[in-house]
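Quick one: structure below, then a few questions.
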Amino acid sequence: MKNRLVADIFEQMAELMEIQGESGFRVNAYRRAARALDSLQEDVEVLRREGRLTDVPGIGESTAQKVGEFLDTGRVARHQELLKKVPAGLLELLQVPGLGPKSAALLYRELKVRSVDDLRQAIEAGRLADLPGMGEKKIENLRKGLEFRERAAGRTPLGLADAVVTELMAALRRAVPKVILSPAGSLRRMRETVGDLDLLAATTRPADVLQAFVELPQVAEVLAHGDTKASVRVEHGLQVDLRAVAPESYGAALQYFTGSKDHNVRLRDRAKRMGLKINEYGVYRGEKRVAGATEEECYRALGLPWIPPEMREDRGEIDLAEAGKLPRLVELGDIRADLHCHTRASDGDLTLEQLADEALKRGYRYAAVTDHSVSAGYAGGLSAERLKVHLQAVHAFNQKQSKIRLLAGTESDIRTDGGLDYPDELLLQLDWVVVSIHSAFGRDPTGRMVKALQHPATCMLGHPSGRLIGQRDAYEVDWEALFKAAAAAGKAIEINAHWRRLDLDDLRARRARDLGVEVAICTDMHRADEFDNMRFGVGVARRAWLTAADVLNARPWEAFEKWRTAMRAKPAARRKPRRKT
DNA sequence: GCCGTTTTCGGCCCGACTGTTTTCAGTCG
């Protein structure tokens, strides 16, 4: 699929046009087109072939024509023209906090600054001071922005941001006991990475709360401190914004700062059509506030039920809400098992007993023991002989207690030929077989995963994209082919709940579900505390609009066991033939 | 450049904060 490629070009065109000083509305139109393409479920080439490009909201005649141009020639003439006028290095200047398109254009025009390096030199040589509107503090801010950019390149993974926000909220509550606090922004929407952290406080004494906030020991630097808002940088370089609002505006503010921006733009538009105005202080009819204290009443004022934060991405949730068809999204409390767990037998920390205890603490009724296989030598993968012993130990454990059911399993490497790591008769003796790629990512991952899914012993595909957020990109996978193969074979695919993986991601999890694939949310835990990553996986599932019924390990043991037995018994010959793609 | 309960032209979300300004531009979310 070339959706992402075209989206990237449109996004870049928007930035280039912004530097050129083109109409903000046109710039926004390109941004919107880029987002539309990026979150499109269908292949842009198919849409184009069928003449349906302009059916996509945000794609009009002009952008559709440019999509076609890219698909035919691999480039977009207008994009090339823009690149000729604006050096590409200016685009990275926009990544420097505090530096926007106007300043980038000014720096280029007046000082011939074409890159981040040029900017650094210009600052050091004191050349910025000659520019209009460039005072001492602005220059100092740019210097700090450059430093930050070097230290923290980009966004923070959800799991790290979550830990920071939990600590900050606890500290602020100790300092100001009565304050009501909530995370907002992309963290509350459970996006896989977070740019800045947004915190919201409901209080009748905003000045006190903001003062206490900027004085927290975790704060490394205060970036801004006003009457209603303060921004700080904490140790790890992460920026945290705190907004303080009156209790009667708390719901409106929570809604407003949770976003997403696109969701809010749409709500605002809706409010306007209803003769209302919505901002961070409430929903207004004329001067009169008609809602604001809770999110529920704000949505209700707009004729909508409350929409879960994870759905607020302008992917059709408002229409769904209006029609009264919002799904009841899966919740952490619905999860009854973890189907991907490591023990001390390979590279985990826990014994079987400890694993069972930790699972019970989280309310689980069953769990799969899936230690690494032979090929994973680096992770203490089990030989066939050791696996047999391990299998006996799990069965023995089940015999002696009845509080939780452990499934004897493995996480088998998918070898380069698509084969699994143990003899078939041993694999078939296991209750639960997870298959995953751990090496040779470049060697036909799709073909290998499809073949592994078709193995009669296989139950679930683990971390199917192989990405490590912020560290390693996903391997090249033909997702449609993979999902269709999994659906045809009746096998499950994992949403790996570790915050470094979160893989399947939200859009792919939704697509998998739509194609009839069983989806399971598993932590791949190696230590006791990693069980708690489950909430991040549930966040992805909620972003994918999954209900409890869509999640394999949200089923009670009996229902799960029924599914598992049927799946294992399904003879290869009676499976639906896989469509060639 | 897109789009339509404002419908083929004329809007397009809106407020806070900072810094360099004396009334506002730029940036951010």
Side-chain angles (χ1 to χ4, degrees), chain A residues 10 13-14 17-19 21-36 53-67 78 93-107 128-129 131-142 144-145 184-189 191 194-200 206 210 214 222-232 239-245 249 252-253 255-284 303 314 322:
Chain A
F10 283 176
M13 288 176 73
M17 288 191 287
E18 212 168 19
I19 295 174
E22 286 213 36
S23 146
F25 298 117
R26 180 173 296 155
V27 171
N28 268 339
Y30 273 92
R31 288 238 154 82
R32 187 154 175 242
R35 277 196 306 267
L53 274 175
T54 50
D55 292 351
V56 178
I59 305 285
E61 288 303 323
S62 169
T63 39
Q65 179 271 322
K66 290 184 176 72
V67 170
R78 177 90 181 97
L93 277 186
L94 298 182
Q95 305 301 313
V96 178
L99 184 70
K102 291 288 195 306
S103 307
L106 180 73
L107 288 166
L128 261 62
L131 296 178
M134 277 289 169
E136 217 172 285
K137 289 195 171 174
K138 255 192 181 167
I139 295 170
E140 185 51 29
N141 268 345
L142 287 180
K144 284 182 180 168
S186 42
L187 182 79
R188 183 160 179 249
R189 301 200 315 278
R191 273 196 61 178
V194 174
D196 299 334
L197 278 180
D198 293 299
L199 269 180
L200 186 68
L210 292 171
V214 299
V222 178
L223 303 170
H225 182 183
D227 293 337
T228 66
K229 177 191 166 180
S231 293
V232 303
Q239 181 177 328
V240 187
D241 299 337
L242 174 68
R243 290 271 184 159
V245 299
S249 291
Q255 196 292 314
Y256 184 91
F257 293 113
T258 295
S260 68
K261 197 173 173 175
D262 293 335
H263 176 87
N264 286 357
V265 165
R266 190 147 294 222
L267 279 190
R268 234 175 265 288
D269 180 47
R270 180 184 176 85
K272 208 167 169 181
R273 276 188 279 119
M274 294 172 72
L276 299 166
K277 189 178 88 158
I278 180 169
N279 60 26
E280 58 264 58
Y281 301 109
V283 182
Y284 294 84
D314 188 23
E322 178 159 42

- Applying side chain to side chain contact (heavy atoms under 4.5 Å, CB included), name anything that partners A:Glu140, two or more places apart in sequence or on another chain. A:Arg143, A:Lys144

- Query: With A:Asn141, which residues qualify under side chain to side chain contact (heavy atoms under 4.5 Å, CB included), at least two apart?
  - Reply: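 With sequence neighbours excluded, A:Asn141 shows a side chain to side chain contact (heavy atoms under 4.5 Å, CB included) to no residue whatsoever.
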
- Item | Whole-Å gap separating C1' (B:dT5) and CD (A:Glu322) |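 After rounding, the reported distance stands at 12 Å.
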
- Those residues that, when tested against A:Asp227, pass salt bridge (Lys or Arg N to Asp or Glu O under 4.0 Å) (two or more places apart):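 Checked A:Asp227 against salt bridge (Lys or Arg N to Asp or Glu O under 4.0 Å); zero matches.
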
- Query: Under the side chain to side chain contact (heavy atoms under 4.5 Å, CB included) test, which residues partner A:Thr258, sequence neighbours left out?
  - Reply: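 Applying side chain to side chain contact (heavy atoms under 4.5 Å, CB included) to A:Thr258 gives A:Ala184, A:Arg188, A:Arg189, A:Leu254, A:Glu295, A:Pro309, A:Arg312.
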
Set out, line by line, the N/O atom pairs under 3.5 Å between protein and nucleotides 17-22 of chain B.
{"unit_1": "B:dC17", "atom_1": "OP1", "unit_2": "A:Asp227", "atom_2": "N", "d": "3.3"}
{"unit_1": "B:dC17", "atom_1": "OP1", "unit_2": "A:Thr228", "atom_2": "N", "d": "3.0"}
{"unit_1": "B:dC17", "atom_1": "OP1", "unit_2": "A:Thr228", "atom_2": "OG1", "d": "3.0"}
{"unit_1": "B:dC17", "atom_1": "OP1", "unit_2": "A:Lys229", "atom_2": "N", "d": "3.1"}
{"unit_1": "B:dT18", "atom_1": "OP1", "unit_2": "A:His225", "atom_2": "N", "d": "2.8"}
{"unit_1": "B:dT20", "atom_1": "OP1", "unit_2": "A:Gly135", "atom_2": "N", "d": "2.6"}
{"unit_1": "B:dT20", "atom_1": "OP1", "unit_2": "A:Gly135", "atom_2": "O", "d": "3.0"}
{"unit_1": "B:dT20", "atom_1": "OP1", "unit_2": "A:Glu136", "atom_2": "N", "d": "3.1"}

- Atom pair distance, as rounded to whole Å: CD in A:Gln239 and P in B:dT27: 16 Å

- Task: Ignoring backbone atoms, establish whether A:Thr63 has a side-chain N or O less than 4.0 Å from OP1 or OP2 of B:dG1.
- Result: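 For B:dG1, neither OP1 nor OP2 has a side-chain N or O of A:Thr63 closer than 4.0 Å.
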
- Sequence neighbours excluded, which residues qualify as side chain to side chain contact (heavy atoms under 4.5 Å, CB included) partners of A:Arg32?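 Testing A:Arg32 for side chain to side chain contact (heavy atoms under 4.5 Å, CB included), a comparison that skips the adjacent residues, returns A:Arg35, A:Pro57, A:Arg266.
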
- Query: How does protein contact run along nucleotides 7-14 of chain B, one letter per nucleotide 5' to 3', with B for base contact, S for sugar-phosphate only, - for none, heavy atoms under 4.0 Å?
  - Reply: -----BBB

- Task: Using the test salt bridge (Lys or Arg N to Asp or Glu O under 4.0 Å), find all partners of A:Asp241 that sit at least two apart in sequence or belong to another chain.
- Result: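 For A:Asp241 there are no salt bridge (Lys or Arg N to Asp or Glu O under 4.0 Å) partners, ignoring immediate neighbours.
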
- Query: What pairs with A:Arg191 under salt bridge (Lys or Arg N to Asp or Glu O under 4.0 Å), at least two apart in sequence or on another chain?
  - Reply: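 Testing A:Arg191 for salt bridge (Lys or Arg N to Asp or Glu O under 4.0 Å), a comparison that skips the adjacent residues, returns none.
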
- Message: Could you tell me the Watson-Crick or G-U partner of B:dT8, where both distances fall under 3.5 Å? Say none if there is no partner.
- Response: none

